[in-house]
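Structure record follows, encoded as structure tokens.
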Amino acid sequence: MLITHPTLLRDDDTAAVIESRMRSVAHALGAAPADRTLPDVGERIAVHNDVVLVRLDGTPHLLTTHAGNWGRVITEIGHVLLAVGLDPLSPAAVGPEVDEYLVASMNAGRLYFAAASVAASARHIQIEAHP
């Protein structure tokens with residue numbers, strides 16, 4: 001699952017602000033830079049009502065996306081590789097543009113990764129209270 005910030009949405013969405021947000025997301029997922037050992041961050045993903053839910057540490061919020069067939073596949077496999085990109089990427093990006101983003105981000109050390117398990121139900125991914 002590739003997690004990126006959408007392209008600039010507001011006037012205050014500078015490159016530095018976006019990078020800071022995405023570093024916070026990577027931290028909340030327990031993700032590490034690609035040159036380190038891939039961390040196993042445990043059960044933090046569930047599929048509920050055709051929505052993939054991803055738990056973030058230290059916040060009551062979840063990342064969500066439409067599950068579609070992918071939701072069935074990850075439930076059967078039981079594991080997901082989470083990749084967090086520090087740079088924005090258009091939500092409409094597909095194929096070659098995503099490949100180009102991944103290669104450039106990897107070469108620049110701007111991708112963070114974690115291995116997550118898929119829980120049997122949304123009740124099994126604990127949502128932490130915001131500190």
Side-chain angles (χ1 to χ4, degrees):
M1 177 179 199
L2 176 60
I3 302 165
T4 63
H5 194 287
T7 48
L8 304 179
L9 298 175
R10 301 182 305 247
D11 290 340
D12 61 343
D13 278 346
T14 65
V17 167
I18 290 171
E19 179 175 341
S20 176
R21 283 183 195 144
M22 297 315 296
R23 283 187 187 279
S24 293
V25 169
H27 179 74
L29 290 171
D35 63 349
R36 301 210 184 122
T37 301
L38 180 68
D40 181 344
V41 296
E43 281 189 340
R44 72 170 58 236
I45 297 177
V47 179
H48 180 71
N49 291 335
D50 206 32
V51 175
V52 175
L53 309 168
V54 182
R55 177 180 50 84
L56 299 168
D57 292 339
T59 175
H61 304 289
L62 299 168
L63 292 177
T64 62
T65 191
H66 178 72
N69 287 332
W70 184 68
R72 181 186 50 76
V73 170
I74 65 171
T75 300
E76 289 176 10
I77 293 172
H79 300 283
V80 174
L81 176 64
L82 300 173
V84 179
L86 300 183
D87 300 306
L89 179 66
S90 169
V94 294
E97 188 177 358
V98 174
D99 291 345
E100 193 175 299
Y101 177 92
L102 290 169
V103 169
S105 296
M106 186 73 167
N107 289 340
R110 299 185 59 77
L111 274 179
Y112 283 64
F113 294 96
S117 299
V118 179
S121 79
R123 285 179 258 146
H124 291 114
I125 59 172
Q126 292 182 313
I127 300 172
E128 299 177 13
H130 188 57

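Summarising the geometry of Pro39 relative to Gly30, their closest heavy-atom pair is CG-O, 3.2 Å, with the distance given to 0.1 Å. Here the shortest heavy-atom pairing between Leu111 and Gly85 reads CD2-CA, 3.6 Å. Nearest approach of Glu43 to Val118, heavy atoms of both residues: OE2-O, 4.2 Å. For the pair Pro88 and Pro6, the tightest heavy-atom approach, listed with the atom from each and the gap, is CB-O, 3.6 Å. Closest heavy-atom contact between Gly71 and Val52: CA-CG2, 4.5 Å.
By the 4.5 Å side-chain criterion applied to Ile, Leu, Val, Met, Phe, Trp and Tyr, Val73 is assigned to a cluster that also includes Ile77.
In this structure, Val51 and Thr65 have side chains that are not in contact, with every pair of non-hydrogen atoms separated by 4.5 Å or more. Counting heavy atoms from C-beta outward, Val80 and Val54 have side chains that stay 4.5 Å or more apart. Counting heavy atoms from C-beta outward, Tyr101 and Thr4 have side chains that approach closer than 4.5 Å.
Listed by chain and number, the residues in a side chain to side chain donor-acceptor pair (under 3.5 Å) with Arg21 are His5, Asp13 (sequence neighbours excluded). In this view, Glu19 and Arg23, Leu86, Arg110 satisfy the side-chain contact (heavy atoms from CB on, under 4.5 Å) rule, not counting sequence neighbours. Looking at residues two or more places apart in sequence or on another chain, you find a side-chain contact (heavy atoms from CB on, under 4.5 Å) between Ser121 and Arg123, His124. By the side-chain contact (heavy atoms from CB on, under 4.5 Å) test, Ser24 pairs with no residue at all, sequence neighbours left out. In this structure, the side-chain contact (heavy atoms from CB on, under 4.5 Å) partners of Val98, at least two apart in sequence or on a different chain, are Leu2, Leu89, Ala93, Leu102.
The salt bridge (charged side-chain N to carboxylate O under 4.0 Å, His left out) contacts involving residues 60-84 comprise Arg72-Glu76, where partners must be two or more places apart or lie in separate chains. Judged as a salt bridge (charged side-chain N to carboxylate O under 4.0 Å, His left out), not a single pair has a partner in residues 90-106 (not counting sequence neighbours). Within the structure, salt bridge (charged side-chain N to carboxylate O under 4.0 Å, His left out) contacts touching residues 44-54 (residues at least two apart or in different chains) are Arg44-Asp57.
Hydrophobic clustering of Ile, Leu, Val, Met, Phe, Trp and Tyr side chains at less than 4.5 Å, counting indirect connections, keeps Ile3 apart from Val41. Met22 and Phe113 sit in two unconnected hydrophobic clusters of ILVMFWY residues. Membership requires side-chain heavy atoms under 4.5 Å apart, directly or through other members.
Note that CG of Leu62 and CD1 of Ile45 are 11.0 Å apart. Values are rounded to the nearest 0.5 Å.
Considering Leu82, Ile74, Val84, Leu81 in turn, Leu82 is the only one that fulfils the side chain to side chain contact (heavy atoms under 4.5 Å, CB included) rule with Met1.
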